[in-house]
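Below: one structure, written as structure tokens.
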Amino acid sequence: QKEVEQNSGPLSVPEGAIASLNCTYSDRGSQSFFWYRQYSGKSPELIMFIYSNGDKEDGRFTAQLNKASQYVSLLIRDSQPSDSATYLCAVHDMRFGAGTRLTVKP
Amino acid sequence: DAGITQSPRYKITETGRQVTLMCHQTWSHSYMFWYRQDLGHGLRLIYYSAAADITDKGEVPDGYVVSRSKTENFPLTLESATRSQTSVYFCASSSGRNSYEQYFGPGTRLTVT
């Protein structure tokens, strides 16, 4: 069974702090990784993807991939209340983690 | 409008009834997907399609049937609904399979009584 694991949370951070979301996967052959954001009652939307080891930055978001340790993480800098959502990690073969619920408190 | 739509948005049905959920996309994406989302399980792939008349099973296909006669449509049928199929169903489309962004429809909330 190929698994994608995330801490379900909730993760609570104060406004302006860094939120760190983590994801581990079991299939060493996985090549591409995605982070989706899902607001309550809405559909998922892509915020980041990463294919290579290391960091990838896009505005306040940074995705980090370590294939040797089989984890991928998402950092959100200067967290805003509007970042409050569930964040889903997805691995290339269309497998999703259960999601981590993030709350950013003003 | 361009995009991906699902209908109905909400559906209540009885155990044993057949129900079809519709999905339509206007991007001419080759790939389309059906997921169900349940608390604690995240999104689980039911079926996907690489093109018209090409479909394949995902992680949880039992009890579901799909077809794809046209590129833009990908209906999902529950042949005999069960309470365990109560869920939120999302359709998605993509330019490719494993390494491409998926665009999700608004979802259908299905309740089986």
Side-chain angles (χ1 to χ4, degrees), chain A residues 1-11 21-53 56 58 61 63 65 67 72 74 85-102, chain B residues 3-10 21 23-25 27 29-50 55-61 66 74 76 87-111:
Chain A
Q1 184 78 1
K2 299 175 182 177
E3 299 291 341
V4 180
E5 301 285 345
Q6 296 181 252
N7 290 330
S8 61
L11 174 66
L21 306 165
N22 299 311
C23 173
T24 60
Y25 59 95
S26 61
D27 182 9
R28 286 192 171 273
S30 300
Q31 296 295 319
S32 51
F33 307 85
F34 304 84
W35 283 100
Y36 286 82
R37 176 177 62 200
Q38 186 176 24
Y39 292 114
S40 181
K42 302 296 185 181
S43 55
E45 56 179 343
L46 183 75
I47 53 172
M48 290 285 290
F49 63 88
I50 187 167
Y51 302 151
S52 303
N53 273 333
K56 179 181 179 182
D58 184 1
F61 298 95
L65 175 60
K67 289 186 178 180
V72 57
L74 179 69
T86 296
Y87 290 80
L88 302 168
C89 170
V91 176
H92 83 288
D93 60 347
M94 299 164 282
R95 288 187 178 265
F96 284 76
T100 298
R101 187 157 58 93
L102 171 68
Chain B
I4 182 166
T5 57
Q6 293 183 236
S7 62
R9 295 292 315 278
Y10 303 91
L21 310 183
C23 179
H24 175 78
Q25 54 104 355
W27 293 303
H29 283 162
S30 55
Y31 278 82
M32 296 187 75
F33 310 84
W34 274 107
Y35 294 90
R36 59 178 290 174
Q37 188 172 36
D38 307 288
L39 280 174
H41 288 282
L43 288 164
R44 290 183 290 176
L45 182 66
I46 304 170
Y47 271 95
Y48 69 98
S49 168
T55 62
D56 207 348
K57 295 178 180 179
E59 184 183 358
V60 289
V66 294
F74 190 38
L76 175 74
S87 187
V88 179
Y89 291 85
F90 286 102
C91 177
S93 71
S94 173
S95 301
R97 179 181 167 180
N98 289 341
S99 299
Y100 295 84
E101 174 180 2
Q102 294 189 28
Y103 297 85
F104 285 83
T108 295
R109 183 175 294 276
L110 176 68
T111 301

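Bear in mind the structure is a predicted one, so any value in this text is a computation, not a measurement.
In terms of the side-chain contact (heavy atoms from CB on, under 4.5 Å) criterion, residue partners of B:D38 (sequence neighbours excluded) are, by chain and number, B:R36, B:H41, B:R44, B:S87. Take B:F33 and apply the ring pair (Phe, Tyr, Trp, His ring centres under 6.0 Å) test, not counting sequence neighbours, and it matches no residue.
In this structure, no portion of B:Y103 lies under 4.5 Å from any heavy atom of chain A. Looking at A:Q38, only its side chain comes within 4.5 Å of chain B, counting heavy atoms on both sides. For B:Q102, the parts lying near chain A are the backbone and the side chain together; criterion is any non-hydrogen pair under 4.5 Å.
At a threshold of 4.5 Å between non-hydrogen side-chain atoms, the residues A:V72 and A:I50 count as touching.
Heavy-atom pairs under 4.5 Å with chain B were tallied for A:G99, A:A90, A:S30, A:P44; the largest tally goes to A:P44.
The one candidate from A:V4, A:L74, A:V91 that meets the side chain to side chain contact (heavy atoms under 4.5 Å, CB included) condition with A:F33 is A:V91.
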